[in-house]
Enquirer: 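Below is one structure. I have some questions about it.
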Amino acid sequence: MPASPHLLAFFLLLCTAASVFPVSATDHIVGANRGWNPGINYTLWANNHTFFVGDLISFRYQKNQYNVFEVNQSGYDNCTTEGAFGNWSSGKDFIPLNKAQRYYFICGNGQCFNGMKVTILVHPLPPPPSSPLASKDSSPSSATPRTGSRQWQIRALLVSLALIWFGSDWI
């Protein structure tokens with residue numbers, strides 16, 4: 001049975017809305033497939049990632065064996081949880097990075113001394129790409145992947161609206 005024109009129009013509008021409002025958050029899983037465990041170089045892991053405001057940092061570990069504390073630099077350097085800003089122990093912790101600042105995380109059950117600590121620097125969101133009319137040397141390839149190309153989003157919106165306006169016989 002063919003799809004109704006109204007259902008097709010709704011689908012196109014939904015696709016257009018998804019392209020106009022890009023998702024900008026990234027979930028950074030600490031330690032990637034090795035997770036939050038002793039014996040991993042988390043400094044190397046963190047240096048291979050760029051963190052932005054709005055991203056998440058996720059810790060995956062055995063629930064009853066490890067935990068996560070957000071601490072200050074002194075707590076990080078000395079592996080102490082005194083004055084911690086937050087603590088998590090679910091085994092799948094998703095922590096939003098809401099401020100552009102340096103964050104410090106440690107395991108609070110003594111494993112910090114075995115390398116279970118990570119510090120990350122969170123950057124402010126990059127500004128949206130400038131309009132092609134405002135900058136003569138801008139190109140679609142200069143748009144950052146986090147914000148997408150506004151030019152292509154507008155084109156997608158116009159094509160979708162034209163398809164809705166003239167009917168679904170073109171598809």
Side-chain angles (χ1 to χ4, degrees), residues 10-131 138 140-154 156-157:
F10 175 74
F11 177 73
L12 289 172
L13 189 60
L14 187 64
C15 290
T16 302
S19 70
V20 171
F21 303 108
V23 175
S24 63
T26 300
D27 182 11
H28 301 274
I29 301 172
V30 176
N33 61 347
R34 296 181 67 196
W36 184 236
N37 290 293
I40 298 172
N41 186 339
Y42 292 108
T43 301
L44 180 62
W45 172 85
N47 288 340
N48 287 317
H49 291 264
T50 303
F51 302 89
F52 291 99
V53 171
D55 285 353
L56 297 170
I57 187 167
S58 298
F59 292 84
R60 312 283 171 86
Y61 55 91
Q62 291 180 340
K63 181 178 179 178
N64 296 324
Q65 197 167 359
Y66 306 119
N67 56 29
V68 178
F69 282 80
E70 181 183 351
V71 296
N72 59 21
Q73 184 177 359
S74 175
Y76 179 83
D77 293 339
N78 300 306
C79 289
T80 61
T81 60
E82 187 175 323
F85 305 121
N87 63 62
W88 298 266
S89 59
S90 74
K92 288 186 178 180
D93 306 319
F94 299 90
I95 303 168
L97 304 171
N98 295 325
K99 294 180 185 175
Q101 66 180 33
R102 181 159 294 278
Y103 288 81
Y104 301 91
F105 299 99
I106 67 170
C107 182
N109 68 355
Q111 292 299 324
C112 176
F113 294 107
N114 291 326
M116 287 184 68
K117 63 182 187 175
V118 64
T119 179
I120 61 170
L121 180 61
V122 176
H123 302 280
L125 282 174
S130 61
S131 167
S138 75
S141 63
S142 68
T144 64
R146 296 185 70 75
T147 57
S149 172
R150 187 64 63 188
Q151 181 181 12
W152 284 104
Q153 293 168 354
I154 292 171
L157 177 63

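If you're wondering where the values come from, they're calculated on a predicted model, not measured in any experiment.
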Enquirer: Would you say Asp55's side chain and Leu97's backbone share a donor-acceptor pair under 3.5 angstrom?
Expert: no
Enquirer: With a 3.5 Å distance limit and no angle check, can you tell me whether Asn114 reaches the backbone of Gly110 through a side-chain donor-acceptor pair?
Expert: no
Enquirer: Any chance you could measure Phe69, atom CZ, to Phe85, atom CZ, to the nearest 0.5 Å?
Expert: 13.0 Å
Enquirer: So does Arg34 have more than 12 non-hydrogen atoms from other groups sitting under 6.0 Å from CZ?
Expert: no
Enquirer: If you measure from CG on Asn67 to CD1 on Ile106, what distance do you get to the nearest 0.5 Å?
Expert: 8.5 Å
Enquirer: Can you see which heavy atom on Phe94 is nearest to which on Ser58, and at what distance?
Expert: CD2-OG, 3.0 Å
Enquirer: Would you call the rings of Tyr104 and Tyr76 parallel, tilted or perpendicular, taking 30° and 60° as the class edges?
Expert: tilted
Enquirer: Quick one, Asp93 with Trp36, criterion side chain to side chain contact (heavy atoms under 4.5 Å, CB included). Give me CA distance, side-chain angles, the key distance, then yes/no.
Expert: CA-CA 11 Å; Asp93 306 319; Trp36 184 236; over 6 Å; no
Enquirer: Kindly write out the residues that satisfy side chain to side chain donor-acceptor pair (under 3.5 Å) with His49, not counting sequence neighbours, or none if the list is empty.
Expert: His28, Trp45
Enquirer: What pair of heavy atoms forms the shortest contact from Val53 to Ala100, and how long is it?
Expert: CG2-N, 3.5 Å
Enquirer: Could you tell me if the side chain of Tyr42 sits less than 4.5 Å from the side chain of Val30, heavy atoms only?
Expert: yes
Enquirer: In terms of side-chain geometry, is the basic nitrogen of Arg60 or Asp27 positioned less than 4.0 Å from the acidic oxygen of its partner?
Expert: yes
Enquirer: Report the distance from atom CD1 of Ile120 to atom OG1 of Thr50, rounding to the nearest 0.5 Å.
Expert: 11.0 Å
Enquirer: Determine, step by step, whether Cys79 and Cys112 satisfy the disulfide (SG to SG under 2.5 Å) criterion, reporting the C-alpha distance in whole Å, the side-chain angles of both residues, the deciding distance to 0.1 Å, and the verdict.
Expert: CA-CA 6 Å; Cys79 289; Cys112 176; 2.1 Å; yes
Enquirer: Looking at every heavy atom in both Arg102 and Thr119, which two are closest together, and how far apart are they?
Expert: NH1-OG1, 3.1 Å
Enquirer: Just verifying a value: how many Å separate Met116 CE and Ile40 CD1, rounded to the nearest 0.5 Å?
Expert: 8.0 Å
Enquirer: To the nearest 0.5 Å, tell me how far Glu70 CD sits from Thr81 OG1.
Expert: 13.0 Å
Enquirer: Might you point out which heavy atoms bring Lys63 and Ser89 nearest each other, and give the distance in Å?
Expert: CG-O, 3.5 Å
Enquirer: In this structure, which one of Tyr61, Phe59, Tyr66 forms a ring pair (Phe, Tyr, Trp, His ring centres under 6.0 Å) with Phe105?
Expert: Phe59
Enquirer: Where is the tightest heavy-atom contact between Asn98 and Tyr103, given as atom of each residue plus distance?
Expert: N-OH, 3.3 Å
Enquirer: Could you pull out the closest heavy-atom pair between Cys107 and Asn109, with the gap in Å?
Expert: SG-OD1, 3.0 Å
